[in-house]
Every structure is written in structure tokens, then in C-alpha cells.
2 protein chains.
Amino acid sequence: MSDKKHKILDAALDLFANEGYTATSTSKIAQKAGVSEGLIFRHFESKKGLLHAIMQEAEDRLRDVLADILCEKDPRGVIRKTIELPFNIRSEEYDYWRLQYKLKWDKDYYNPDKMKPLIEKLKEAFALLGFEESEQEARLLSHVLEAVSIELLRGNMKDPQQFKSFLLEKYKA
Amino acid sequence: MSDKKHKILDAALDLFANEGYTATSTSKIAQKAGVSEGLIFRHFESKKGLLHAIMQEAEDRLRDVLADILCEKDPRGVIRKTIELPFNIRSEEYDYWRLQYKLKWDKDYYNPDKMKPLIEKLKEAFALLGFEESEQEARLLSHVLEAVSIELLRGNMKDPQQFKSFLLEKYKA
DNA sequence: GTCTATAGGCCGATAGAC
DNA sequence: GTCTATCGGCCTATAGAC
């Protein structure tokens, strides 16, 4: 990929994630990327096309992160890794996640199936550990995971490590 | 309040909550409300002013809902009412809540303190019930509450009543 | 006089021409 | 990579209805 195309993607990710998609103009993106505005349309056709390219990358990263959990054999390991998930987000990737969570409110981009494999895996893990209502437990944990991620991404959690330890303790993971 | 002013508020709430603030133009609001665009500015000064008026109402509703929990004496009652909170949202009020959650990503409007009284109350309730880590428990439950609300508001929870029962059972509330 | 509608100004946004 | 056309955004000025 060309250097400038990459710069455009970087700038757009930052702005889309932090200012919002509609609030971000293509001229702002071009300015931040240090390229001419026309180049954006040359590479991505439209503003929507640019967003699409970014979301493609974001979904790839989601898949990568989930893959490690999905091939875990030990049920406790599955739960531990799931709990650790939001706490392990690399700060360079924050914008990808922020954008994903923001767009969840957008009908065009929200896809509940993206998390389905993880929930199935969790259900299996809870069942193996002898939990009665394994599906509900899986849903509960995935909800906690979601809320914690949002809190962390907004930079609004007081003491992340302490809360992480608390969760790991609670789930004996 | 005049009939048309009310119509504007209704239309704007719907559009802001479902399409997003920046994605909604004042002309679309006027069209949906069946009024002239100029009227919006006569009543609310600016588009921001209109949002502000709506958020004022939304905060009032939040306070109302929390008030009932905050004056509850029985610690189990506090937890039960908190769990029931998201499941009791009246469908006519969905848009208010949707808007609140969406704007949490917006630096100008996000105010973490709005939920603070509830978390304090929960902490107190857990402490009374003999939980060791009452603060963490309170934070955990508030996170569950948040994620469940979001899921419900997105209309994406499979079997709400079943999950509600599961939570009440789990917390013996 | 107060409330409402209409017509347009100005600006910035997307996109396409060169 | 620049330049610009066109469209739609927010808002105001002014005129009309009650």
C-alpha cells in the first residue's frame, strides 16, 4: 500500500473514532494526513468507501483477537482470556475499537453475529465447568466485557487493574 | 408549550436518537415535524439549543427513575430495582435513552457523575449484605445494567424476561 | 403584538474536472 | 495535486396570520 494511502487511513481512523463520521469532513482528513483532498476520492471513491476500508481492517483485528480464545482448550482459560480481553487492548488500537463501538448504533454497520462465536465458546466453557445456566452465564459475561470495554475506551475507569483482578477472582479464572 | 414546539421536540428526539445529531439536518426535523425550518430557531435559537432542550428532559427522566431506587431502604430491594431498571424502560421513552447512550461518546455531553448516586447506593447495599468488595460489586452490577440497557435499546436481546429472571436469581434479589 | 411561514445568505462539504 | 462546481448545511431577515 502506498505511503499516502496509509496516511489517509490513519488520519480518517483518528477523526472518525474521536469526532464522529458525519462530523468529520474530507478536507479535515486530507489536512491531517498531509495530502490533497482529491487523493482521498482517487483511493476510496467516496467518504463512505473510506469508512468501509477502515471497518474492514477493524473487523480483521476483532477476528485476530477472538481467534486466540476460540482455540483455547481449557474452559478456565477461555474465561480468563475473555475477561482479560478489554484490559489488553493495545493503546495504538484504541481508535479501531472506539469506532466499532460507536458504529454499533448505526444500522448499516451493526452486526450482532460478530460476537456470536465468542458467546458460543463461553457457553461451552461454562457448561464444562458445571454451571447450570451456561448460556445465561455466557451472555452475562459478554455483557460485562462490553461495558468494561466501553468504559476503558472512554478512558473513564478508575482503577482498571483492580477491577480486572476482582473479575478474575470472582470467576476463579 | 405550543403544539408545534412540541412537534419539533418529538421529531428532533426521534431523528437525533436514531440517525445521530450531526447526521440530522434542521430541514429534516422541520419536515418531519410539519413546520417551517425557521420556527426551530425561533424556539430554540440553534440546533445545539434544540439538543440541549431535549437533553434537559432526558436528564429529568433519569433522575425520576433513579429517585425510586435511592430512597429504597431494603438493600435487596435496591439491587432488585436496579436489575429491573433496564427491563422497565417504557417503549415510548426508548429514544430518550438511546440518545443518552449515544451522546456518552460525545465529550461535550458525557457526564459520568449522573450515575454516581446509584453506584454509591449499590455499594452501600452490597456492604449491608456482607459482600467483601462492595464497591467492585457495585461497579460490576452497574456495568451489567449498562450493557443490558444498550442491548435492549438496540432491540437485540433474545429473551429479555429470561435474562432478567436469571439476574434476579443470581443476586438473590 | 405574538406566533408562524418563506425566501434567501453564507459557508463548508463532497465530489469531479483538468 | 489543484481548482472549482454544486449541493445542502445552519441560520436570519422579513412578511403574513391570528
Side-chain angles (χ1 to χ4, degrees), chain A residues 1-58 95 98-100 102-103 105-109, chain B residues 1-58 95-96 98-100 102-103 105-110:
Chain A
M1 190 188 309
S2 77
D3 186 49
K4 298 216 170 181
K5 186 172 178 182
H6 199 88
K7 276 193 193 320
I8 292 171
L9 285 166
D10 278 355
L13 172 59
D14 181 349
L15 292 166
F16 287 166
N18 296 300
E19 314 277 326
Y21 173 74
T22 38
T24 299
S25 68
T26 49
S27 73
K28 243 191 282 181
I29 296 168
Q31 199 184 344
K32 191 178 171 69
V35 301
S36 76
E37 200 177 343
L39 193 59
I40 292 171
F41 298 93
R42 182 162 268 296
H43 279 306
F44 302 101
E45 212 142 298
S46 66
K47 191 183 164 187
K48 263 250 136 76
L50 174 54
L51 175 62
H52 207 72
I54 291 171
M55 286 308 289
Q56 206 70 12
E57 269 219 52
D95 283 340
R98 260 195 272 265
L99 188 57
Q100 292 214 52
K102 274 197 180 181
L103 288 181
W105 291 100
D106 192 320
K107 293 162 205 70
D108 294 347
Y109 278 96
Chain B
M1 190 188 312
S2 78
D3 186 50
K4 300 223 165 178
K5 186 172 177 183
H6 200 88
K7 276 195 195 317
I8 292 170
L9 284 167
D10 278 356
L13 171 60
D14 181 348
L15 291 166
F16 287 166
N18 296 300
E19 314 276 327
Y21 173 74
T22 39
T24 300
S25 69
T26 50
S27 71
K28 242 193 280 182
I29 296 167
Q31 200 183 344
K32 190 177 172 69
V35 300
S36 77
E37 197 180 345
L39 193 57
I40 292 172
F41 299 93
R42 198 152 260 301
H43 279 307
F44 303 101
E45 264 195 29
S46 66
K47 191 185 167 188
K48 264 252 135 79
L50 174 54
L51 175 63
H52 207 72
I54 291 172
M55 286 307 289
Q56 205 70 10
E57 271 219 51
D95 282 340
Y96 277 108
R98 260 195 273 267
L99 187 56
Q100 293 215 51
K102 273 196 181 184
L103 288 182
W105 290 102
D106 194 319
K107 293 160 206 73
D108 293 347
Y109 274 96
Y110 180 43

*Could you check whether T24(B) gets within reach of a base, just the sugar-phosphate, or nothing at all, counting any heavy atom under 4.0 Å?*
sugar-phosphate
*Just how far is it from atom CD of Q56(B) to atom CG of L9(B), taken to the nearest 0.5 Å?*
12.0 Å
*Just call it for K5(B): base, sugar-phosphate, or nothing, with non-hydrogen atoms closer than 4.0 Å on any strand.*
nothing
_So, applying salt bridge (Lys or Arg N to Asp or Glu O under 4.0 Å) with D14(A), which one of K32(A), R98(A), K28(A) is it?_
K32(A)
*Rounding to a whole Å, what distance do you find between Y21(B):OH and dG9(D):P?*
14 Å
*Candidate pair K5(A) and F44(A), rule side chain to side chain contact (heavy atoms under 4.5 Å, CB included), full reasoning*: CA-CA 9 Å; K5(A) 186 172 178 182; F44(A) 302 101; 3.7 Å; yes
*With side chains defined as the heavy atoms from C-beta onward, is the minimum distance between L50(B) and T26(B) less than 4.5 Å?*
no
_Distance below 4.0 Å between S25(B) side-chain N/O and dG9(D) OP1 or OP2_ = yes
*To the nearest 0.5 angstrom, please state how far the CD1 atom of I40(A) sits from the CD atom of E45(A).*
14.0 Å
*Within residues 30-52 of chain A, residues whose heavy atoms come under 4.0 Å of DNA chain D*: S36(A), G38(A)
*Roughly, in whole Å, what's the span from CD1 in I8(A) to P in dT14(C)?*
14 Å
_Spacing of K4(B) atom NZ relative to dC3(C) atom P, expressed in whole Å_ = 14 Å
_Looking at S27(A), I'd like to know whether one of its side-chain N or O atoms comes within less than 4.0 Å of OP1 or OP2 on dT14(C)._
no
_For K7(B), is the NZ atom crowded, meaning more than 12 foreign heavy atoms sit under 6.0 Å from it?_
no
_Spacing between D3(A) atom CG and dG1(D) atom P, to the nearest angstrom_ = 11 Å
